Peer 1: 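Okay, handing you the structure first.
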Amino acid sequence: MLKNFFSLVLIILLAILWLLFAARPVALAQDKTINYSFAQLQDRDFSHQDLRGGVFAAAAMRGVNLEGSDLSYSILTEAVLLKANLKGADLTASLVDRVTLDFADLTNTIFTDAIATRSRFYDTIITGADFTNAVIDNYQVKLMCERADGINPVTGVATRDSLGCNYTLDVHNLRFIKLLKS
């Protein structure tokens, strides 16, 4: 009887220790999350940094330098990136909704699988940017197609193709038709 009691206590003690040590890495990962929500980051230099999973919600980032930075899986909701430098940045699978990117430089930026609904790209440089599978408002895509050119050096995808500029939807047959350049 006493032997069974000590065995049960030992099992419970081991289970408690296992839970304590197993939860520790999760807490450490949360401590390393970058959070600049509502921050004033005008003209800051974040070039060539690992900012994966960072939160920049409603951050004022006019003129910020994010050249070559990894912003994949980041949240930039309602951020203002007016005249920002995002050359060669990686925004894969980022949430970029309601963001102002007017006059920004997105040369060779990877925007694949990003969500950019209600975001503005007026007079944004998009040469070589890859928008494959990105969710962008149709009106913004139409405006970007007017100036889209180049091929992304990392993904090898043409900007026009990634935006779907060369295709139209045949609504009667529900299929895409490639447009011929005139």
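The model shown is predicted, which means the values in this text are computed figures rather than measured ones.
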Peer 1: Going only through I, L, V, M, F, W and Y residues with side-chain contacts under 4.5 Å, is there a path from Leu95 to Phe56?
Peer 2: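 The answer is no; the residues belong to distinct hydrophobic clusters.
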Peer 1: If you look at every heavy atom in Gln140 and Ser119, which pair is closest and at what distance?
Peer 2: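 Looking at all heavy atoms of both residues, the closest pair is CG-O, 3.3 Å.
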Peer 1: If every non-hydrogen atom of Tyr73 is compared with every non-hydrogen atom of Ala93, which pair is closest and at what distance?
Peer 2: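 Closest approach of Tyr73 to Ala93, heavy atoms only: CE2-CB, 3.4 Å.
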Peer 1: Are Leu51 and Leu106 in one and the same hydrophobic cluster, where Ile, Leu, Val, Met, Phe, Trp and Tyr link if side-chain heavy atoms are under 4.5 Å apart?
Peer 2: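 Both belong to a single hydrophobic cluster.
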Peer 1: Please list, chain by chain and in numerical order, all residues satisfying side chain to side chain donor-acceptor pair (under 3.5 Å) with Thr77, sequence neighbours excluded.
Peer 2: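 Side chain to side chain donor-acceptor pair (under 3.5 Å) list for Thr77, sorted by chain: Asp97.
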Peer 1: Given side chains that start at C-beta, do those of Phe131 and Ile126 come closer than 4.5 Å, heavy atoms only?
Peer 2: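 Phe131 reaches Ile126 side chain to side chain.
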Peer 1: Rounded to the nearest 0.5 Å, what separates atom CG in Asn133 from atom CG in Asp113?
Peer 2: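 Here the interatomic distance stands at 5.0 Å.
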Peer 1: Can you sort out the partners of Glu67 under salt bridge (charged side-chain N to carboxylate O under 4.0 Å, His left out), two or more places apart, ordered by chain and number?
Peer 2: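 Once residues adjacent in sequence are excluded, Glu67 has no partner under the salt bridge (charged side-chain N to carboxylate O under 4.0 Å, His left out) criterion.
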Peer 1: Would the distance check show the side chain of Thr155 and the main-chain N or O of Asp130 forming a donor-acceptor pair, the cut-off being under 3.5 Å?
Peer 2: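 Looks like no, no N/O pair under 3.5 Å.
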Peer 1: Which residues pass the side chain to side chain donor-acceptor pair (under 3.5 Å) test with Asp123, not counting sequence neighbours?
Peer 2: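 Side chain to side chain donor-acceptor pair (under 3.5 Å) list for Asp123, sorted by chain: empty.
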Peer 1: Under 6.0 Å from the OH atom of Tyr122, do we count more than 12 heavy atoms belonging to anything else shown?
Peer 2: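 Yes, because the 6.0 Å sphere around OH of Tyr122 holds more than 12 heavy atoms from other groups.
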Peer 1: Enter the distance from Thr100:OG1 to Arg62:CZ here, rounded to the nearest 0.5 Å.
Peer 2: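 Between Thr100 OG1 and Arg62 CZ, I get 8.0 Å after rounding to 0.5 Å.
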Peer 1: Go through the structure and list residues passing side chain to side chain donor-acceptor pair (under 3.5 Å) with Asp102, not counting sequence neighbours.
Peer 2: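 By the side chain to side chain donor-acceptor pair (under 3.5 Å) rule, Asp102 matches Arg120.
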Peer 1: Return yes if some donor-acceptor pair links the side-chain N/O of Ser74 with the main-chain N/O of Gly54 below 3.5 Å, else return no.
Peer 2: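 Yes; at least one donor-acceptor contact below 3.5 Å.
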Peer 1: Give the table of side-chain donor-acceptor pairs shorter than 3.5 Å for residues 143-151, with sequence neighbours excluded, one pair per line with atom names and distance.
Peer 2:
residue, atom, partner, partner atom, Å
Arg147, NE, Thr124, O, 2.8
Arg147, NH1, Leu143, O, 3.2
Arg147, NH2, Phe121, O, 2.5
Arg147, NH2, Thr124, O, 3.4
Asp149, OD1, Thr127, OG1, 3.1

Peer 1: Tell me who clusters with Phe103, hydrophobic residues only, linked when side chains sit under 4.5 Å apart either directly or through other members.
Peer 2: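 Via sub-4.5 Å side-chain contacts, Phe103 links to Val80, Leu82.
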Peer 1: Among residues two or more places apart or on two chains, list those pairs meeting disulfide bond (SG atoms under 2.5 Å apart) that have a residue in residues 82-140.
Peer 2: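 Qualifying pairs, neighbours excluded: none.
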Peer 1: Could you grab the distance from atom CZ of Arg98 to atom CG of Leu76, nearest 0.5 Å is fine?
Peer 2: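 Separation between the atoms: 12.5 Å.
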Peer 1: With a 4.5 Å limit on heavy-atom distance, are the side chains of Asp137 and Thr117 in contact?
Peer 2: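 Side-chain contact under 4.5 Å: yes.
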Peer 1: Quick one: salt bridge (Lys or Arg N to Asp or Glu O under 4.0 Å) pairs with a partner in residues 82-92, sequence neighbours left out?
Peer 2: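 Of all non-adjacent pairs touching residues 82-92, those that pass salt bridge (Lys or Arg N to Asp or Glu O under 4.0 Å) are Lys87-Asp105.
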Peer 1: Kindly indicate whether the side chain of Leu81, heavy atoms from C-beta on, has any atom under 4.5 Å from the side chain of Leu66.
Peer 2: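 Touching, per the 4.5 Å side-chain cut-off.
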Peer 1: Among Asn85, Ile34, Leu41, which residue satisfies the side chain to side chain contact (heavy atoms under 4.5 Å, CB included) criterion with Phe46?
Peer 2: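 When Asn85, Ile34, Leu41 are each tested with Phe46, the side chain to side chain contact (heavy atoms under 4.5 Å, CB included) holds only for Leu41.
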Peer 1: Which heavy atom of Tyr36 sits nearest to which heavy atom of Ala59, and what is that distance?
Peer 2: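 Minimum heavy-atom contact is O-CB, 3.6 Å.
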Peer 1: Between atom CG of Leu163 and atom CZ of Phe111, what is the distance when rounded to the nearest 0.5 Å?
Peer 2: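 Answer for the CG-CZ pair, Leu163 versus Phe111, is 10.5 Å.
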Peer 1: Can you tell me how far the CG atom of Leu91 sits from the CD1 atom of Ile115, to the nearest 0.5 Å?
Peer 2: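 One finds 13.0 Å between CG of Leu91 and CD1 of Ile115.
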Peer 1: For Ser69 and Gln49, indicate whether the former's side chain and the latter's backbone hold a donor-acceptor pair under 3.5 Å.
Peer 2: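 Yes.
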Peer 1: Of all residues at least two apart in sequence or in a different chain, which pass the side chain to side chain donor-acceptor pair (under 3.5 Å) check with Ser47?
Peer 2: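 Expected list: Asp45.
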Peer 1: According to disulfide bond (SG atoms under 2.5 Å apart), does anything in residues 34-109 pair up with another residue at least two apart or in another chain? List the pairs.
Peer 2: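 Output for this query is empty, none listed.
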Peer 1: With side chains defined as the heavy atoms from C-beta onward, is the minimum distance between Asn108 and Val154 less than 4.5 Å?
Peer 2: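 Counting from C-beta outward, Asn108 and Val154 never come under 4.5 Å.
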Peer 1: If you group Ile, Leu, Val, Met, Phe, Trp and Tyr by side-chain heavy-atom gaps below 4.5 Å, do Val99 and Val141 land in one group?
Peer 2: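 Same cluster: Val99 reaches Val141 through Ile, Leu, Val, Met, Phe, Trp or Tyr contacts under 4.5 Å.
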Peer 1: Indicate, with yes or no, if Val55 and Leu101 share a hydrophobic cluster defined by side-chain heavy-atom contacts under 4.5 Å among Ile, Leu, Val, Met, Phe, Trp and Tyr.
Peer 2: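 Cluster IDs for Leu101 and Val55 differ.
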Peer 1: Disulfide bond (SG atoms under 2.5 Å apart): which pairs involve residues 71-109, sequence neighbours left out?
Peer 2: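 The answer is none; no pair qualifies.
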Peer 1: Taking all non-hydrogen atoms of both residues, which atom of Ser162 and which atom of Ala129 are closest, and how far apart?
Peer 2: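 Closest pair (atom of Ser162, atom of Ala129, distance): OG-O, 3.7 Å.
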Peer 1: Who passes salt bridge (charged side-chain N to carboxylate O under 4.0 Å, His left out) against Arg52, sequence neighbours left out?
Peer 2: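 Result, salt bridge (charged side-chain N to carboxylate O under 4.0 Å, His left out) vs Arg52: Asp50, Asp70.
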